[in-house]
Amino acid sequence: MMIMKNVLYLALGCAFLAGCKENQKKEADVTAKNQTEKPVQTGIEVVPIEHATAVLEWGDITIYIDPVGGAAAFEGQKPPDLILITDIHGDHFNLETLQGLHTAKAKIMVPQAVADKIPAEFTPQLDVLNNGDHKERFGIGVEAVPMYNLRDEAKDFHTKGRGNGYVLDIDGQRLYFSGDTEDIPEMRALRNIDMAFICMNLPYTMTEASAADAVLEFKPKKVYPYHYRGRPDVSDVSKFKTLVNAGNPNIEVIQMDWYPNDDF
């Protein structure tokens with residue numbers, strides 16, 4: 001009888017220990033799963049290259065905006081994972097630059113007018129977005145928004161529907177790149193923009209006053225004047241900052257060096 005009791009106690013003890021180990025394993029698996037699924041919070045670094053061309057760094061993801069200027073302009077930058085091109089004009093799209101960069105693993109988002117100018121070798125990499133289209137790559141949401149001219153004398157520069165501005169959703173932050181545009185209703189209707197990159201160069205886009213007026217309507221948290229070299233004059237970004245902050249001192253205007261090779 002005593003032997004049977006000992007055997008029973010031993011069996012119960014083994015079962016208890018096995019249950020504890022199984023629970024510990026489940027808890028460890030849940031912890032590991034939660035750690036794996038937890039999003040990594042990282043900042044977004046903006047690197048101005050020149051005029052409309054920029055590089056964004058977010059964790060391990062590198063984004064090129066309107067890459068032009070040849071491969072040399074991107075010396076020291078990581079190869080792109082994602083490329084966004086806004087329009088067909090040479091200060092936004094340059095095929096030789098695209099061919100000279102290490103883009104084999106990159107996805108390239110373009111409007112149809114740009115896709116029509118890109119050779120077939122890039123076709124597997126292309127995402128063609130028209131105004132209003134949305135695509136997600138590398139955990140980044142990209143929405144194509146309109147960019148076009150309003151003034152009669154400028155309407156042929158950028159016709160509605162040909163090019164794209166872009167709104168990027170990166171880790172809960174919304175970034176807007178205007179491309180070539182005037183202060184169109186679609187820009188004024190934007191909401192919840194954390195970082196806005198706004199053009200202002202005549203005769204192709206808009207004045208500092210028009211750009212500031214639009215910014216005051218859609219109220220981004222931060223605004224970066226870019227694409228401000230016109231013909232023949234360079235836009236006064238200090239004037240733009242004054243106009244914005246006079247209307248809303250809570251909007252932070254950040255001026256970066258978009259023309260490192262020029263004397264202004």
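Side-chain atoms are counted along with the backbone in the values below, which use heavy atoms only and exclude waters and symmetry mates. Starting from 1, each residue takes its place in the sequence as its number.
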Colleague: Can you give the donor-acceptor pairs under 3.5 Å from side chains of residues 108-121 to other protein atoms, not counting sequence neighbours?
Modeller:
from	atom 1	to	atom 2	distance (Å)
Gln112	NE2	Asp116	OD1	2.8

Colleague: For residues Ile49 and Ala73, report the shortest heavy-atom separation together with the two atoms involved.
Modeller: CG2-O, 3.7 Å
Colleague: Tell me whether Asp236 contacts the main-chain N or O of Glu208 through its side chain, where contact means a donor paired with an acceptor under 3.5 Å.
Modeller: no
Colleague: Are Ile61 and Ile65 connected in a single hydrophobic cluster, I mean Ile/Leu/Val/Met/Phe/Trp/Tyr linked by side-chain heavy atoms less than 4.5 Å apart?
Modeller: yes
Colleague: Are His158 and His92 close enough that their ring centres sit under 6.0 Å apart?
Modeller: no
Colleague: Can you tell whether the side chains of Lys107 and Asp81 come within less than 4.0 Å, N to carboxylate O?
Modeller: no
Colleague: Donor-acceptor check, side chain of Asn164 to backbone of Tyr166, threshold 3.5 angstrom: yes or no?
Modeller: no
Colleague: Got a donor-acceptor contact below 3.5 angstrom from the Thr97 side chain to the Gly70 backbone?
Modeller: yes
Colleague: Show your working on side chain to side chain contact (heavy atoms under 4.5 Å, CB included) between Ile63 and Trp58 and close with a plain yes or no.
Modeller: CA-CA 8 Å; Ile63 306 167; Trp58 175 57; 5.6 Å; no
Colleague: The test is salt bridge (Lys or Arg N to Asp or Glu O under 4.0 Å); show your working for Arg191 and Glu217 and say whether it passes.
Modeller: CA-CA 9 Å; Arg191 293 294 179 267; Glu217 185 156 344; 5.4 Å; no
Colleague: Hey, does the side chain of Gln173 reach the backbone of Asp194 with a donor-acceptor pair shorter than 3.5 angstrom?
Modeller: no
Colleague: Can you measure from CG (Asp156) to CG (Asn149) and round to the nearest 0.5 angstrom?
Modeller: 9.0 Å
Colleague: Which atoms form the tightest heavy-atom contact between Val223 and Pro220, and what is the distance?
Modeller: CB-CG, 4.3 Å
Colleague: Should Asp133 and Asn131 count as side-chain neighbours, where that means a heavy-atom distance under 4.5 Å?
Modeller: no
Colleague: How far does CG of Asp257 sit from CG of Asp262, to the nearest 0.5 angstrom?
Modeller: 9.0 Å
Colleague: Is Lys105 close to Pro79 at the side-chain level, that is, under 4.5 Å between some pair of heavy atoms?
Modeller: no
Colleague: Tell me if a side-chain donor or acceptor on Gln125 pairs with a main-chain N or O of Thr103 at a distance below 3.5 Å.
Modeller: yes
Colleague: Between the main-chain N or O of Leu56 and the side-chain N or O of Tyr64, is there a donor-acceptor pair closer than 3.5 Å?
Modeller: no
Colleague: Should Tyr228 and Leu243 be counted in the same cluster of Ile, Leu, Val, Met, Phe, Trp and Tyr side chains packed under 4.5 Å apart?
Modeller: no
Colleague: Per the side-chain hydrogen bond (donor to acceptor under 3.5 Å, both in side chains) rule, what does the pair list look like for residues 134-145, sequence neighbours excluded?
Modeller: Asp127-Arg137
Colleague: Should Met187 and Ser178 be marked as a side chain to side chain contact (heavy atoms under 4.5 Å, CB included) after you check the CA-CA gap, both sets of side-chain angles, and the distance that decides it?
Modeller: CA-CA 8 Å; Met187 179 196 291; Ser178 71; 4.3 Å; yes
Colleague: Short question: side chain of Thr86, backbone of Gly163 - any donor-acceptor pair under 3.5 Å?
Modeller: no
Colleague: According to a hydrophobic-cluster definition based on side-chain heavy atoms being under 4.5 Å apart (Ile, Leu, Val, Met, Phe, Trp, Tyr only), do Tyr226 and Ile170 belong together?
Modeller: yes
Colleague: So, do Lys222 and Val253 sit near enough that their side-chain heavy atoms are less than 4.5 Å apart?
Modeller: no
Colleague: Can you tell me how far the OH atom of Tyr204 sits from the CZ atom of Arg231, to the nearest 0.5 Å?
Modeller: 3.0 Å
Colleague: Hey, could you give me the OG/CG distance between Ser235 and Asn201, rounded to the nearest 0.5 Å?
Modeller: 6.0 Å
Colleague: For Glu182 and Ser210, what are the C-alpha separation, side-chain angles and deciding distance, and is it a side chain to side chain contact (heavy atoms under 4.5 Å, CB included)?
Modeller: CA-CA 8 Å; Glu182 291 187 56; Ser210 293; over 6 Å; no
Colleague: Start with the C-alpha gap between Phe197 and Phe177, add the side-chain angles, then the distance that decides, and say whether ring-ring contact (aromatic ring centres under 6.0 Å, His included) holds.
Modeller: CA-CA 5 Å; Phe197 295 78; Phe177 284 86; 4.2 Å; yes
Colleague: What I want to find out is whether Asp169 reaches Arg174 closely enough, with some N-O distance under 4.0 Å, to be called a salt bridge.
Modeller: no
Colleague: Is there a side-chain contact between Leu202 and Thr207 (heavy atoms, below 4.5 Å)?
Modeller: yes
Colleague: Would you check if Ile198 and Val215 make a side-chain contact, meaning some heavy-atom pair closer than 4.5 Å?
Modeller: yes
Colleague: Might you point out which heavy atoms bring Ala71 and Gly100 nearest each other, and give the distance in Å?
Modeller: CB-O, 3.6 Å
Colleague: Between Phe157 and Ile184, is there a shared hydrophobic cluster once you connect ILVMFWY residues whose side-chain heavy atoms come closer than 4.5 Å?
Modeller: no
Colleague: Run the numbers on Met200 and His227 for side chain to side chain contact (heavy atoms under 4.5 Å, CB included), then give the verdict.
Modeller: CA-CA 6 Å; Met200 55 193 80; His227 196 295; over 6 Å; no
Colleague: Return the CD to CG distance between Glu50 and Asp66, rounded to the nearest 0.5 Å.
Modeller: 13.0 Å
Colleague: Please report the interatomic distance CD1(Ile251) to CG(Leu216), rounded to the nearest 0.5 Å.
Modeller: 5.5 Å
Colleague: Are any side-chain N or O atoms of Thr181 and backbone N or O atoms of Tyr148, one a donor and one an acceptor, separated by less than 3.5 Å?
Modeller: yes
Colleague: How close do Asp91 and Thr53 get, counting heavy atoms only, and between which atoms?
Modeller: O-OG1, 4.5 Å
Colleague: Do any N or O atoms from the side chain of Trp258 and from the backbone of Pro225 form a donor-acceptor pair under 3.5 angstrom?
Modeller: yes
Colleague: Would a hydrophobic clustering, with Ile, Leu, Val, Met, Phe, Trp and Tyr connected at side-chain separations under 4.5 Å, put Phe93 with Leu84?
Modeller: no
Colleague: Check whether Tyr259 reaches the backbone of Arg229 with its side chain - one donor and one acceptor, N or O, closer than 3.5 Å.
Modeller: yes
Colleague: For residues Pro80 and Ala106, report the shortest heavy-atom separation together with the two atoms involved.
Modeller: O-CB, 3.4 Å
